[in-house]
Amino acid sequence: MMSKTQKNRNNPTIENKQPKVTVLGLGSWGTALSHQLANCVDNCFLWGRDSGVVEAINSKQQNPNYLSTLKLNSKVQATTSLIDAVSEAEIIVFSVPAASLREVAKVAKNHANKNAIIVNTAKGLEAETLKSMVTVLVEEFGKKENISTLSGPSFAVEVSQGLPTAVTVASSSLPTAEKVAEIFHSQNFRVYTSQDIIGVEFGGILKNVIALAVGILDGLNMGANARAALITRGLAEMQRLVEALGGDSMTVSGLSGLGDLLLTATSDLSRNRRVGLSLSKGESLETILKDLGQVAEGVHTAPIALALGKKLGVKVPIIEAVNQVLLGKCTPNEAAKALLSRSRTSES
Ligand SMILES: NC(=O)c1ccc[n+]([C@@H]2O[C@H](COP(=O)([O-])OP(=O)(O)OC[C@H]3O[C@@H](n4cnc5c(N)ncnc54)[C@H](O)[C@@H]3O)[C@@H](O)[C@H]2O)c1
């Protein structure tokens, strides 16, 4: 299939100017997204702090640390200079883990074009403030209408292989969401739009904690009935929190909520599910995370989501049980028993 750039080259009546896009973060997601974006734009810049990885991407078109078998699109150019990466970019995509996002945004904002569109793709919360990444980006960059978040069921490895994927981009400004969707969208990477930024962002954040719970339950061999029940009741917790935060619970039934929850809770490609499976085997969290060697956002999100539930007066028993296990306050078996012995209640 012809790329948008090729099509425009073949048709001189169409303006051939492609926006300058920069992806921040040399991990799995930054690598996969830059490769995907390079199909849609003339050049895609990729920033990270590891000079060895940058050198390998520019000389061999390979990221030795993440998705190492992928031959990156030659239009991806990597750099360790954050200033160079953002100063001319019209679209800046944040793909660093949530815990590092504000630190990177604080530097990037001083060199970014004032009208640049910012796309968050991290799925996590700021520990000290309980704030979401969109809130952090609005605080740092100022212009709420330029901020968007892209989320949905999307394993980096499958995106890098060009397998069909559908995600949602949300912004309080519809033109911003439309612009991001237009740039990212291709036949195998479908991008839907939304103006419910809270619903879209929090679906992606909270599903990681429920995936940990499902991993624990599956590790305990509690069966398919129990897995379906836990996913459904986990979705209800996500919906309650999103509503209390001012988002639309219907959004949680879409790609960025239910879609991502199904993916993350049921596939062993999911790091959060794998952490849950290992916890149920009695392994220590420290050893599991060391062996994983990559970010499992659900582990960081669990205590923050619980604190958020308490602050908003929202009942989140599954998120609470996951926290008890992560803190070593009860075994996976005890946590499952505690959930099952809760008093009978209505479903809604
Ligand atoms: N991997 C996926 O399939 C996927 C899909 C959608 C969203 N996400 C989200 O994207 C975010 C990143 O995930 P990932 O899978 O790429 O993580 P990863 O563990 O694969 O990579 C994280 C990268 O960020 C870099 N990094 C960490 N702190 C940094 C800092 N202060 N400055 C610069 N670089 C820093 C690390 O060196 C590493 O290269 C997470 O919030 C995740 O939830 C991941």
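Proximity of Phe189 to Leu33: side-chain heavy atoms (C-beta onward) are separated by under 4.5 Å at one or more points. Lys311 places a side-chain heavy atom less than 4.5 Å from the side chain of Leu130. Contact check for Pro153 versus Leu255: side-chain heavy atoms found under the 4.5 Å cut-off. For the pair Lys143 and Asn115, the minimum side-chain heavy-atom distance is below 4.5 Å. With a 4.5 Å cut-off on side-chain heavy atoms, Leu125 and Ser132 count as touching. Side chains of Asn146 and Lys114 form no contact here, defined as non-hydrogen atoms less than 4.5 Å apart. Counting heavy atoms from C-beta on, the side chains of Val119 and Phe94 never come closer than 4.5 Å. By the 4.5 Å heavy-atom criterion applied to side chains, Leu230 and Ile318 are counted as neighbours.
Applying side-chain contact (heavy atoms from CB on, under 4.5 Å) to Ile198 and the options Leu245, Thr251, Asp248 leaves one that passes, Leu245. Among Val21, Asn39, Leu37, the single residue meeting the side-chain contact (heavy atoms from CB on, under 4.5 Å) criterion with Phe184 is Leu37. The one candidate from Val275, Val322, Ile288, Asn208 that meets the side-chain contact (heavy atoms from CB on, under 4.5 Å) condition with Val299 is Val275. Each of Ile183, Thr22, Val23 was evaluated against Val93; a single residue qualifies, Val23, per the side-chain contact (heavy atoms from CB on, under 4.5 Å) test.
Within the 3.5 Å criterion, the main-chain N or O of Leu269 finds a donor-acceptor partner in the side chain of Arg274. A donor-acceptor pair under 3.5 Å links the side-chain atoms of Ser280 to the main chain of Leu277, judged by distance alone. Put simply, the side chain of Asn73 never gets that close to the backbone of Gln36: no donor and acceptor are under 3.5 Å apart. The backbone N or O of Tyr192 lies less than 3.5 Å from no partner atom in the side chain of Ser194, so there is not a single donor-acceptor pair. The backbone N or O of Ser68 lies less than 3.5 Å from no partner atom in the side chain of Asn63, so there is not a single donor-acceptor pair. Ser249 places no side-chain N or O within 3.5 Å of a backbone atom of Gln239 that could act as its donor or acceptor partner. Between the side chain of Thr135 and the backbone N or O of Lys131, no donor-acceptor pair lies under 3.5 Å. The closest donor-acceptor contact from the side chain of Thr121 to the backbone of Leu150 lies at 3.5 Å or more, if one exists at all. Here the side chain of Ser173 pairs a donor or acceptor atom with the backbone of Thr176 at under 3.5 angstrom.
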Cut-off 3.5 Å, no hydrogens considered: what does the side-chain donor-acceptor table look like for residues 334-348, sequence neighbours left out?
| unit_1 | atom_1 | unit_2 | atom_2 | d |
| --- | --- | --- | --- | --- |
| Glu334 | OE1 | Thr331 | N | 2.9 |
| Ser341 | OG | Lys337 | O | 2.7 |
| Ser341 | OG | Ala338 | O | 3.3 |

>> If you apply the rule side-chain contact (heavy atoms from CB on, under 4.5 Å), what do you find for Ile57 with Leu46, and how did you get there?
In response: CA-CA 9 Å; Ile57 290 174; Leu46 178 57; 3.9 Å; yes
> side-chain contact (heavy atoms from CB on, under 4.5 Å) between Ile210 and Ile319: does it pass, once the steps are laid out?
Replying inline: CA-CA 7 Å; Ile210 308 302; Ile319 293 174; 4.2 Å; yes
>> If you apply the rule salt bridge (charged side-chain N to carboxylate O under 4.0 Å, His left out), what do you find for Arg273 with Asp268, and how did you get there?
In response: CA-CA 7 Å; Arg273 175 181 161 80; Asp268 286 346; 2.7 Å; yes
> Checking side-chain contact (heavy atoms from CB on, under 4.5 Å) for the pair Leu101/Asn120: CA distance, chi angles, key distance, verdict?
Replying inline: CA-CA 9 Å; Leu101 189 135; Asn120 168 57; 3.6 Å; yes
>> Using side-chain contact (heavy atoms from CB on, under 4.5 Å), reason through Leu308 and Val316 one step at a time and then give a plain yes or no.
In response: CA-CA 10 Å; Leu308 205 55; Val316 287; over 6 Å; no
>> Pair Gln77, Asn58 - check side chain to side chain donor-acceptor pair (under 3.5 Å), show working.
In response: CA-CA 6 Å; Gln77 294 171 40; Asn58 290 338; over 6 Å; no
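The residues Arg227 and Asp218 are annotated as salt-bridged, a charged nitrogen and a carboxylate oxygen being separated by less than 4.0 angstrom. Using a cut-off of 4.0 Å between Lys/Arg side-chain N and Asp/Glu carboxylate O, Lys20 and Glu88 are scored as salt-bridged. With respect to the salt-bridge test (charged N to carboxylate O, under 4.0 angstrom), the residues Glu139 and Arg102 qualify. One finds a salt bridge joining Lys109 and Glu140 here, because a Lys/Arg side-chain nitrogen approaches an Asp/Glu carboxylate oxygen to under 4.0 Å.
No path of Ile, Leu, Val, Met, Phe, Trp and Tyr side chains, each step under 4.5 Å between heavy atoms, connects Leu261 with Met250, placing them in separate hydrophobic clusters. In this structure, Leu289 is a member of the same hydrophobic cluster as Ile216, with clusters built from ILVMFWY side-chain heavy atoms closer than 4.5 Å. Under the 4.5 Å side-chain heavy-atom criterion for Ile, Leu, Val, Met, Phe, Trp and Tyr, Leu67 and Trp47 are members of distinct hydrophobic clusters. Linking Ile, Leu, Val, Met, Phe, Trp and Tyr residues whenever their side-chain heavy atoms come within less than 4.5 Å places Val209 and Leu285 in a single cluster. Hydrophobic clustering, with ILVMFWY side chains joined whenever heavy atoms are under 4.5 angstrom apart, keeps Val169 apart from Val134.
Membership of an apolar cluster is not assigned to Ile83, as no side-chain contact below 4.5 Å to another ILVMFWY residue is traced.
The distance from atom NE2 of His185 to atom OG1 of Thr193, rounded to the nearest 0.5 Å, is 11.0 Å. In this structure, NE2 in His300 is found 13.5 Å from CD in Glu126, a value given to the nearest 0.5 Å. Summarising the geometry, atom OG belonging to Ser284 is positioned 9.5 Å from atom NZ belonging to Lys290; distances are rounded to the nearest 0.5 Å. With rounding to the nearest 0.5 Å, the separation of CE in Met222 from CG in Asn333 is 6.0 Å. A distance of 6.0 Å separates OG of Ser154 from CG of Asp260, quoted to the nearest 0.5 Å. Atom-to-atom distance recorded for Ser253:OG and Met238:CE is 9.5 Å, nearest 0.5 angstrom.
In plain terms, the two heavy atoms of Asn272 and Glu297 that are nearest each other are OD1-N, 3.7 Å. Scanning both residues, Ser34 and Leu72, for their nearest heavy atoms gives OG-CD2, 4.2 Å. Nearest heavy-atom pair, Ala32 versus Val159, reported as atom, atom and distance to 0.1 Å: O-CG1, 4.2 Å. In plain terms, the two heavy atoms of Thr80 and Val54 that are nearest each other are CG2-CG2, 3.6 Å. Between Lys207 and Gly204 the shortest heavy-atom distance is CE-O, 3.1 Å. Pairing each heavy atom of Lys75 with each of Asp42, the nearest pair is CD-O, 2.9 Å.
For the residue pair Gln294 and Ser28, a side-chain donor N or O sits within less than 3.5 Å of a side-chain acceptor on the partner. Under 3.5 Å, the side chains of Thr149 and Glu201 contain no donor-acceptor pair of N or O atoms. Under 3.5 Å, the side chains of Ser256 and Thr168 contain no donor-acceptor pair of N or O atoms.
Within a 6.0 Å sphere centred on NZ of Lys329, other residues, nucleotides and ligands contribute 12 heavy atoms or fewer.
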